[in-house]
Amino acid sequence: MTLRERLHQQLHIGSWPNGKLTGLNIVVVWTILAAVGVSIAATEPLIREPYNREVLIAELIFGTIFLLEYLARIYAAPEREGPGSDWSKRWRFVISPIGLVDLLVVIVSLAPFFIANAAVLRVIRLLRIVSILKFSRFSAAMREIAGALKERSYDLLVCATLAFVLVLLGAAGLYWIEGAIQPQAFGSIPRALWWAVITLTTVGYGDVYPITPAGRLIGMVVAIGGVLLVALPTGIVAAAFSDAMQRRREAMRKALEEMEGNSNI
């Protein structure tokens with residue numbers, strides 16, 4: 001096996017028949033997590049100031065690794081099956097979604113060395129992990145889950161509509177009752193919508209709240225309705241996940257039975 005074939009087998013997602021991550025891709029995932037961890041820690045002044053030199057060296061190492069990985073993927077791209085010359089296959093990889101994500105990771109890894117206050121861009125490296133997992137053995141499961149959610153789209157739309165109606169009614173009620181008392185908070189329905197959304201989602205920052213008995217009654221209704229409406233989509237999504245996993249288990253069982261039947265033949 002040539003070097004290019006080895007690189008293709010190790011680096012390009014989906015090159016292994018079982019769809020599992022290769023050893024080198026696992027190393028890449030851990031490298032990305034380490035690079036993101038360093039970038040996050042470097043935003044803390046207590047860490048950045050005394051260890052600025054070490055952070056820069058680490059970031060330079062990570063950027064170099066991602067650049068070499070990107071160049072290696074381009075070099076090994078001709079090993080992918082299909083028509084076309086070596087350079088046409090390389091170009092197809094460069095403009096593919098995976099290739100563009102790789103290029104973006106390289107750019108944001110090196111950009112902070114040339115652009116001030118751009119270190120936060122390095123969090124975009126997490127897209128690289130998403131692209132790896134999307135085309136790994138998890139992709140089939142994700143397709144099942146996405147299909148199940150699509151089947152429940154009408155139910156989720158009904159929940160979203162109910163939530164919107166409750167938020168709008170709550171905001172209108174507080175505008176009518178306390179608009180004149182608290183004009184900054186409830187002087188208009190758009191202003192009252194902030195309180196209604198925060199109350200419906202049970203966050204309750206406490207920066208805006210009704211002070212009249214009628215306003216508090218509306219607040220209670222919106223808060224209780226929010227608890228119920230949050231529980232509804234949670235149950236719908238949980239049922240969708242359960243159905244997706246059940247279908248996947250059935251498909252795997254049938255595949256195993258077919259393999260056993262073919263082996264017996």
Side-chain angles (χ1 to χ4, degrees), residues 33 36-37 39-41 43-45 101 104 108 117 119-131 133-134 138-249:
L33 292 176
V36 171
S39 299
I40 293 173
T43 61
E44 171 55 49
V101 169
L104 180 61
V108 300
N117 299 323
V120 69
L121 294 175
R122 289 168 175 161
V123 179
I124 296 177
R125 290 165 175 162
L126 291 175
L127 291 175
R128 186 71 183 83
I129 296 181
V130 174
S131 68
L133 295 181
K134 181 180 178 181
F138 302 104
S139 59
M142 292 302 296
R143 285 195 298 269
E144 290 288 344
I145 293 173
L149 289 176
K150 187 176 181 180
E151 292 177 1
R152 301 293 198 283
S153 59
Y154 178 77
D155 300 333
L156 293 173
L157 179 61
V158 170
C159 291
T161 302
L162 291 175
F164 175 75
V165 171
L166 184 58
V167 164
L168 195 58
L169 289 177
L174 263 296
Y175 165 68
W176 179 53
I177 294 173
E178 299 201 5
I181 301 173
Q182 299 189 74
Q184 287 296 111
F186 305 110
S188 67
I189 291 179
R191 291 185 184 183
L193 278 174
W194 165 254
W195 166 86
V197 171
I198 294 303
T199 304
L200 182 73
T201 56
T202 69
V203 176
Y205 289 134
D207 56 341
V208 176
Y209 54 88
I211 58 177
T212 63
R216 290 178 176 176
L217 178 62
I218 292 177
M220 291 172 56
V221 172
V222 174
I224 294 173
V227 173
L228 297 176
L229 287 176
V230 167
L232 281 175
T234 301
I236 293 171
V237 172
F241 283 5
S242 177
D243 292 345
M245 293 299 100
Q246 181 63 29
R247 284 199 297 267
R248 181 157 177 76
R249 285 193 293 268

* Grab the two heavy atoms, one from L166 and one from V222, that are nearest each other, plus how far apart they are. => CD2-O, 4.1 Å
* Minimum heavy-atom distance P210-Q182, with the two atoms named -> CA-NE2, 4.0 Å
* Apply side-chain contact (heavy atoms from CB on, under 4.5 Å) to the pair F186 and I177, showing each step before the final yes or no. => CA-CA 9 Å; F186 305 110; I177 294 173; over 6 Å; no
* **Nearest heavy-atom neighbours spanning I198 and T201** => O-OG1, 3.2 Å
* Residues in side-chain hydrogen bond (donor to acceptor under 3.5 Å, both in side chains) with S242, at least two apart? -> none
* Asked: What heavy-atom pair brings L232 and C159 nearest, and what distance separates the two atoms?
  -> CB-SG, 3.7 Å
* To do: Return each pair, listed once, that meets salt bridge (charged side-chain N to carboxylate O under 4.0 Å, His left out) where at least one residue sits in residues 152-164; pairs must be two or more places apart or across chains.
  => R152-D243
* **Spacing of CG belonging to L168 relative to CG belonging to L193, to within rounding of 0.5 Å** => 6.5 Å
* **Atom of G225, atom of L200 and distance for their closest heavy-atom approach** => C-CD1, 4.1 Å
* **Residues forming a ring pair (Phe, Tyr, Trp, His ring centres under 6.0 Å) with W194, sequence neighbours excluded** => Y205
* Asked: Of L157, V167, L228, L229, which meets side chain to side chain contact (heavy atoms under 4.5 Å, CB included) against L162?
  -> L229
* Which heavy atom of A171 sits nearest a heavy atom of I189, and at what distance? -> CB-O, 4.0 Å
